[in-house]
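Worksheet for the structure shown next.
A quick note: this is a predicted structure, and the numbers were derived from the prediction, not measured.
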Amino acid sequence: MKPSISCKFNRFDLLLSLFVVLAAAALALFFLSHAGGEAGEVSIRDGDNAPYSLTLDAPRRVQLADGHITLVIERGGVYVEYADCPTQDCVRTGKITRTGESIVCLPNRVVVTLEGAGEFDAVTG
Amino acid sequence: MKRTLAALFLTLLLCSCGAPREPESVQFFAMDTLMTITCTEEDLDAVHHAMREIARLDALLSRTREESAVSALNRGETVEDAELAALLTRAAKLCKATGGAFDVTVAPVVSAWGFTADEYRVPTQEEITALLTHVGAGGIGSDGEVTTLAEGVSVDLGGIGKGYASDCAARVFKEENVSGALAALGGNIYAHGTKSDGSPWRVAVRDPFDGSAYVGALSLTDAFAVTSGGYERYFESGGKTYHHIIDPATGYPAESGLASVTVVCGEGLLADALSTALYVMGEAKAIEFYRTFEEPFDMILVTQDGRVVLTEGAAALWDTSVAEHSYQYETINKL
């Protein structure tokens, strides 16, 4: 005689299902928050110097390109306050606030980028 | 116990399915712009190969590097280089096809405005009139190997150089079986394959009236996208703004009623050249050109009066939900 197997959905199964769904949701939230959240850091490439990152939580002014560029870092974004190059492209870029956005100064080879994966993979225009 | 282990396994499985591989980004300066190529870690060698190829093109096509082939041509020398000859022959054909709206021989006029050396000035009408006598693709002579320019003619391949570079990057990615990569060569975009999660690359189109906003976004797979707009580079003098897209017919910055033009197609060089040409043409001529030109392409025109005109192919790739300002969207077809 075969032993009978109960397939009834009991309280333990319910708790286990809840655990699976909640754990999956928590981990998914973790991955998503790291793929498109607000920028917390700005990466700075200043000529041939080694690139470095600064947090946006501490507002400050940073001198780049041996003082030819003044970068302002504040909560939520960064902008170039002063540049002594003729084109002023980096000043005209204005304040960048979204992850993945950059300010570029070609003459001084300075690239300032808000770190993190943004909503877009690239921008044209 | 078995059920608990199965549940834990299922949890990890559910989560790992949605976690794409972290992309790598390679940044470098070439062709007077910042270039960024995004790919997966295993495709980094191919990306470095593409970088070397772009550096080679920069050395060949630069107008500001004295040792380049283009500089030699502009000094009046005869240059034997099959690649340059082919590029200039194609540029001359596109000049003819666009009714002169795209013309690499407009170089001396662009220089007179100071856009080559970043020393901006407003040239006199007499100066412009004199320089325009040297503008026209008829001044390019090539037999497929050897190229010469007529006296007084000079060329600037800035309007197709980055587009051609993206074509070369595409060739490298294909030859080296790159699964997915995104090349952003100073705003010239090439989307190769898909992202590692299988989705198309998302490329935003900048709002020409607000540098921190977008007019929409494109979902691209194996496609090139290039945008031209007067807002990208300009200067002010005497209370007037002068931008860098010079109309070869007048010698002055184009005033066609368009704020920006984005071209999407299967070739970088073509997208690059057409984005400039259509900006110079203006809306009506651009639409007519779209309907009659033999090579397929799609476009997004942003007009000065706040409309966004999309061809049907572009509309199929387009997402307006990311636009922060109010625009009137219109779709046109081939008829």
Side-chain angles (χ1 to χ4, degrees), chain A residues 10 12-13 15-32 34-36 43 45 47-48 51 77 79 85-98 100-113 115-125, chain B residues 3-4 6-8 10-16 18-20 22-23 25 27 29 32-34 36 38 114 118-120 182-184 186-189 191 195 200-208 210-212 214-215 217-218 220 225-229 231-235 260 262 275 302 322:
Chain A
N10 60 32
F12 179 71
D13 292 323
L15 284 171
L16 204 56
S17 303
L18 268 173
F19 165 77
V20 169
V21 170
L22 287 174
L27 281 169
L29 201 66
F30 172 80
F31 283 120
L32 286 174
H34 281 66
S43 79
R45 182 173 159 181
D48 293 330
Y79 62 93
C85 61
T87 58
Q88 296 289 295
D89 288 342
C90 55
V91 177
R92 284 177 182 159
T93 301
K95 186 174 175 180
I96 56 170
T97 58
R98 305 166 200 239
E101 285 189 326
S102 295
I103 300 173
V104 181
C105 172
L106 286 173
N108 291 304
R109 305 222 153 192
V110 167
V111 184
V112 175
T113 306
E115 284 194 337
E119 189 181 354
F120 305 109
D121 302 303
V123 176
T124 177
Chain B
R3 279 194 296 193
T4 308
L8 280 171
L10 183 64
T11 307
L12 288 170
L13 194 69
L14 277 170
C15 295
S16 61
E22 279 291 310
S25 273
Q27 260 186 356
F29 288 99
D32 294 327
T33 195
L34 175 70
T36 306
T38 306
D118 291 336
E119 291 168 356
Y120 305 138
L182 186 73
N188 281 43
I189 308 292
K195 293 199 268 189
W201 297 96
R202 292 257 294 161
V203 177
V205 177
R206 197 174 298 285
D207 187 329
D210 178 354
S212 63
Y214 310 115
V215 287
L218 291 159
L220 299 179
V226 181
T227 300
S228 286
Y231 63 93
E232 293 169 315
R233 207 159 158 222
Y234 60 89
F235 69 94
S260 77
T262 302
S275 65
V302 182
V322 301

Proximity breakdown for B:L34 and chain A, heavy-atom pairs closer than 4.5 Å: both
Contact origin within A:V111 toward chain B - heavy atom pairs under 4.5 Å: side chain
Residue selection (most heavy-atom pairs with chain A, distance under 4.5 Å) from B:E119, B:K195, B:R202: B:R202
Region of B:V215 that comes under 4.5 Å of a non-hydrogen atom in chain A: neither
Segment of B:Q27 engaging chain A (4.5 angstrom heavy-atom cut-off): both
Partner set under side-chain contact (heavy atoms from CB on, under 4.5 Å) for A:S43, not counting sequence neighbours: A:S53, A:T113, A:E115
Closest approach of B:F29 to A:V110 (non-hydrogen atoms, all atoms of both residues): CZ-N, 4.4 Å
Contacts of type side-chain contact (heavy atoms from CB on, under 4.5 Å), residue B:S228, not counting sequence neighbours: B:I245, B:S275, B:T276
Side-chain heavy atoms of B:V203 within contact of A:F120, under 4.5 Å: no
Heavy-atom contact with chain A under 4.5 Å, split by part of B:Y120: side chain
Test item: A:T124 side-chain N/O and B:V205 main-chain N/O as donor-acceptor pair under 3.5 Å: no
Main-chain N/O of B:R233 paired with A:R92 side-chain donor or acceptor, under 3.5 Å: no
Which portion of A:E101 sits near chain B, non-hydrogen atoms under 4.5 angstrom: side chain
